[in-house]
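Worksheet: the structure to be examined is printed underneath.
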Protein chains: 2
Amino acid sequence: MKKTVFVFSALIVSLLILFQLSKYAYAANDISVEIVISSIAIVFFVIGLYINRKATQNQKHLPVPINFKKIEQLGISKREYEVLVQISKGLSNKEIADALFVSESTIKTHVSNLLLKLDAKRRTQAIQKAKDLQILAI
Amino acid sequence: MKKTVFVFSALIVSLLILFQLSKYAYAANDISVEIVISSIAIVFFVIGLYINRKATQNQKHLPVPINFKKIEQLGISKREYEVLVQISKGLSNKEIADALFVSESTIKTHVSNLLLKLDAKRRTQAIQKAKDLQILAI
DNA sequence: ATTGTTTTGGTACTTTAGTATGAGTGTTTC
DNA sequence: GAAACACTCATACTAAAGTACCAAAACAAT
């Protein structure tokens with residue numbers, strides 16, 4: 001925050017300096033108008049780049065949008081998707097069963113169906129494929 | 001690509017127009033120098049923002065930098081890390097063994113050590129933890 | 001009300017994963 | 001050259017995952 005204030009103060013000061021310089025240059029007729037305008041343009045272009053870069057850096061992990069259409073296309077049901085999410089969190093079948101208040105048998109059924117629909121041999125492969133298909137947030 | 005060429009052409013044209021306008025304004029003494037400079041500054045500031053936005057949009061999935069220090073901190077060896085990468089791709093122990101030209105026993109040993117070092121109960125949990133620690137590229 | 005789908009759950013089974021333990025080989029380091 | 005470590009591999013075991021098959025209850029849609 002202090003850094004931001006400092007940067008903006010510096011910007012304002014440099015803008016004022018540019019004003020004075022351009023006036024002086026014009027009065028003295030030393031520098032052509034093209035050079036003055038070009039330098040100003042370049043300076044503020046770079047400032048625009050810099051500011052935007054700082055802003056996008058803070059965004060960082062913009063959550064990947066989940067492809068709901070793909071989920072539907074694959075025929076993955078609501079409950080199956082819930083199980084898939086729990087799998088990706090690293091839970092065991094028993095833990096998922098407890099979290100969703102059903103039996104482990106039920107989870108096994110869901111997992112088997114998921115593996116079929118995702119064309120995966122293992123749950124780890126299912127995680128990988130699901131992320132590739134963007135049906136799981138990374 | 002065509003779009004980029006078009007945008008830059010438009011930029012150059014607008015720059016030339018600004019030159020002429022500023023000269024004319026100066027000659028006619030209509031507009032104060034502050035307004036001319038400010039408008040140029042604003043225009044190029046916005047252009048800087050726009051260009052950078054377009055550039056960062058194309059990056060999109062900027063690969064998350066791997067935290068090598070963390071790998072060292074956890075005491076994960078080179079070979080163990082290779083196994084971890086294969087696990088995250090969804091391979092079985094046998095498949096990893098074939099990929100790395102060693103026996104399945106060796107992979108099991110590596111996996112066991114990995115689970116200890118990552119404080120995970122299952123390989124799926126290891127994947128999750130490793131990604132949280134930014135040891136694995138997402 | 002019947003039909004189709006989802007969700008649930010069970011049994012029995014095979015396969016894979018993971019643990020525990022020991023041990024041989026090679027490399028590095030002091 | 002001994003100690004420490006990484007890598008390898010094996011056996012024997014337990015635990016978890018996954019398959020196959022079946023079936024009942026819940027539910028929405030026609």
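From a predicted model like this one, the values you see are computed outputs, not experimental measurements. Within every chain, numbering begins at 1; the chains are lettered A, B, ... in the order of the sequence lines, protein sequences first and strands thereafter.
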DNA chain D-proximal residues of residues 122-132 of chain A, any heavy atom under 4.0 Å: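 Listed by number, they are A:R122, A:R123.
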Strand contacts (DNA chain D) in residues 75-108 of chain A, 4.0 angstrom heavy-atom criterion: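 A:S92, A:N93, A:K108, in order of number.
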Residue pairs involving residues 71-82 of chain B (criterion salt bridge (Lys or Arg N to Asp or Glu O under 4.0 Å); sequence neighbours excluded): B:R79-B:E82, B:E80-B:K117
Hydrophobic cluster membership, A:I107 vs A:I87, 4.5 Å side-chain cutoff: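 Yes, A:I107 and A:I87 fall within the same hydrophobic cluster.
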Within one Ile-Leu-Val-Met-Phe-Trp-Tyr cluster: A:L116 and A:I76, side-chain cutoff 4.5 Å: no
Selected nucleotide, minimal atom distance to A:H110 side chain, candidates D:dG18, D:dC7, C:dT7: C:dT7
Minimum-distance nucleotide to A:T109 side chain [options: D:dC9, C:dT8, D:dT19]: C:dT8
Mind calculating the distance between [atom1] ([X]) and [atom2] ([N]) to the nearest angstrom?
| X | N | atom1 | atom2 | result |
| --- | --- | --- | --- | --- |
| A:K121 | C:dA17 | NZ | C1' | 17 Å |
| A:L114 | D:dA17 | CG | P | 14 Å |
| B:N113 | D:dC7 | CG | P | 10 Å |
| A:L116 | D:dC21 | CG | P | 12 Å |

Worked verdict on B:K89 versus B:E95 for salt bridge (charged side-chain N to carboxylate O under 4.0 Å, His left out): CA-CA 11 Å; B:K89 289 182 182 172; B:E95 286 169 345; over 6 Å; no
Beyond-backbone contact of B:L118 with B:I135, side-chain heavy atoms, under 4.5 angstrom: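 Side chain of B:L118 against side chain of B:I135, heavy atoms only: contact under 4.5 Å found.
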Distance test, side-chain N/O of A:S112 to OP1/OP2 of D:dG18, below 4.0 Å: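 It does not, given that no N or O in the side chain of A:S112 lies less than 4.0 Å from OP1 or OP2 of D:dG18.
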Flag, side chain of B:S88 to backbone of B:V85, donor-acceptor distance under 3.5 Å: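 The answer is yes, because a donor-acceptor pair under 3.5 Å joins these two groups.
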Donor-acceptor pair, side chain of B:K129 and main chain of B:D119, under 3.5 angstrom: yes
Polar contact flag, side-chain donor to acceptor under 3.5 angstrom, B:S103-B:T106: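 On atom types as modelled, these side chains qualify, holding a pair under 3.5 Å.
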